[in-house]
2 protein chains.
Amino acid sequence: MPDVTAPAARPARERVLDAYTDLLERRGERAATLDAVARAAGVSKGGLLYHFATKHALEAGLLARLDTLVTADLAAMRTAPEGPVEHFLRSSASDDTPFDRTLRAVARLSQSSDAARQALADVNTRWLAQIRDAVGDDDLARTILLISDGIYYGSALLREQGDPTAGPGAREIDAAVRVIRRLAGNEGDGADGSRGSLAARAD
Amino acid sequence: MPDVTAPAARPARERVLDAYTDLLERRGERAATLDAVARAAGVSKGGLLYHFATKHALEAGLLARLDTLVTADLAAMRTAPEGPVEHFLRSSASDDTPFDRTLRAVARLSQSSDAARQALADVNTRWLAQIRDAVGDDDLARTILLISDGIYYGSALLREQGDPTAGPGAREIDAAVRVIRRLAGNEGDGADGSRGSLAARAD
DNA sequence: GTCTATAGTAAGATAGAC
DNA sequence: GTCTATCTTACTATAGAC
């Protein structure tokens with residue numbers, strides 16, 4: 001059975017994916033060479049290539065990990081105490097969960113990989129469905145997703161290597177949350193959209 | 001005087017920047033090698049290196065071009081007939097102006113270049129200032145910028161090589177414009193950032 | 001399961017002809 | 001201003017020892 005008590009014994013295969021994620025996120029696709037990944041993971045190039053025979057296999061390994069993590073994230077969103085929408089927006093700029101780190105890594109990969117692009121599109125589809133369920137309004141759900149993308153890509157792309165203050169931060173997110181609350185409050189007039197009761201976290 | 005009648009005679013230096021932009025946008029940073037850029041621009045590697053002595057100089061050339069184009073874009077925004085905000089959002093996903101193409105190229109570069117990241121941050125700062133002027137509300141201005149980033153990075157990063165229908169499209173943008181109009185309709189009272197009727201509906 | 005050594009290729013950059 | 005070599009380094013991947 002797996003040893004849950006010794007996190008230091010993290011298997012080499014996992015350490016390789018961790019290192020690949022970290023390099024992609026912090027230094028970009030070009031820097032994430034087999035050599036650099038192996039060094040960062042504390043294995044040799046040959047050792048890395050035992051677990052992932054080609055660079056393409058390494059990428060596929062990362063996408064598989066993303067798929068696992070997104071499923072867990074959707075479940076967390078559904079049960080968040082602050083409501084799914086605010087949870088979703090605030091977690092868009094979080095930088096220390098494995099899920100967010102993996103997502104940023106895959107976003108960087110997506111610039112030259114169709115498979116990575118497709119994986120991101122799938123994540124977005126799953127998010128949209130769940131937010132639409134939460135707010136009961138398609139326009140608003142799509143807009144919330146765009147805001148999240150703005151926060152997310154901003155924090156993914158504008159972030160300086162060591163400086164977490166660059167890119168969108170608490171200030172932007174607070175602004176967006178306030179704006180969406182205004183909308184939630186503005187919904188009762190049955191304007192032109194097609195929803196009914198918009199309960200983002202409402203009552 | 002410059003020859004305005006012969007666009008075919010576009011100087012090699014410009015063709016190199018065009019080709020670099022195109023490769024970055026369509027195939028990513030890793031594909032934009034000196035060799036590939038030279039080939040796409042119709043010059044030899046030596047020819048390219050006459051105009052840009054190093055790869056870093058090529059990148060700097062692209063950032064300088066972006067700076068010129070953003071200034072022109074801000075001016076166009078100010079005088080847009082549909083108003084600056086809607087103009088801004090709709091142009092976030094446009095894909096055929098030199099400005100948008102350059103911006104997407106620089107976004108891809110920003111994954112491994114501090115200078116490119118800084119250039120994008122500067123563009124955002126200039127946009128924010130102008131939108132804040134237009135809507136007179138800091139929260140709303142920042143939110144609009146995030147929506148735009150969502151549209152923009154989505155169209156930049158999720159777009160398939162040859163398929164312009166992937167990523168955010170007219171549907172998302174229309175949704176966002178409708179949502180912002182709801183807000184605008186709700187704006188008539190008290191015009192600073194901290195008052196009552198728009199506030200937090202939540203508790 | 002992990003290592004060292006190395007083959008083969010492609011990258012950024014230089015030198016010098018035209 | 002643009003070209004054709006060519007140098008050097010770094011990348012992906014393979015082979016075979018331990």
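A note on names: the letters A, B, ... follow the listed sequences, proteins ahead of strands, and every chain is numbered from 1.
When each of D/dA13, D/dC3, C/dG1 is scored by its nearest atom to the side-chain atoms of B/Val43, the top-ranked nucleotide is D/dC3. Set against C/dA11, C/dA13, D/dA13, the side chain of B/Lys45 has C/dA13 as its closest nucleotide. Side chain of A/Ala12, nearest nucleotide from D/dT12, C/dT2, D/dA13: C/dT2. Nearest to the side-chain atoms of A/Asp35 among the listed nucleotides D/dC11, C/dT2, C/dA13 stands D/dC11. The B/Ser44 side chain lies nearest to D/dT4 when the options are D/dA13, D/dT4, C/dC3. Candidate nucleotides C/dA11, C/dG1, D/dT12 were compared by shortest atom distance to the side chain of A/Tyr50, and C/dG1 ranks first.
Taking atom NZ on A/Lys55 and atom P on C/dG8, their separation rounds to 22 Å, with Å as the unit. In this structure, A/Leu48 places its CG atom 13 Å from P of D/dT14, rounding to the nearest Å. Following rounding to the nearest Å, A/Arg30 (CZ) and C/dA11 (C1') show an atom-to-atom distance of 9 Å. A straight line from CZ of A/Arg39 to P of C/dC3 spans 13 Å, rounded to a whole angstrom. With rounding to whole Å, A/Phe52 atom CZ is found 16 Å from D/dT14 atom P. When the P atom of D/dA13 is taken as reference, atom NE2 of A/His56 falls 11 Å away, rounded to whole Å. The NE2 atom of B/His51 sits 17 Å away from the P atom of C/dT14 (whole-angstrom rounding). As a whole-Å value, the separation of B/Leu49 CG from D/dG1 C1' is 13 Å.
A donor-acceptor contact closer than 3.5 angstrom is absent between the side chains of A/Thr125 and A/Asp122. Side-chain contact of A/Thr21 with A/Arg104: a donor-acceptor pair under 3.5 Å is absent, judged by distance alone.
The pair A/Glu86-A/Arg181 meets the salt-bridge criterion, with a side-chain N (NZ, NE, NH1 or NH2) lying under 4.0 Å from an Asp/Glu carboxylate O. In summary, B/Asp174 and B/Arg178 do not engage in a salt bridge, as defined by a charged side-chain N under 4.0 Å from a carboxylate O.
Take the nearest nucleotide of DNA chain D for A/Gly46 and for A/Ala36: the residue whose nucleotide is more 5' is A/Ala36.
With a 6.0 Å radius and a threshold of 12 heavy atoms from other residues, nucleotides or ligands, B/Arg171 has its CZ atom at or below the threshold.
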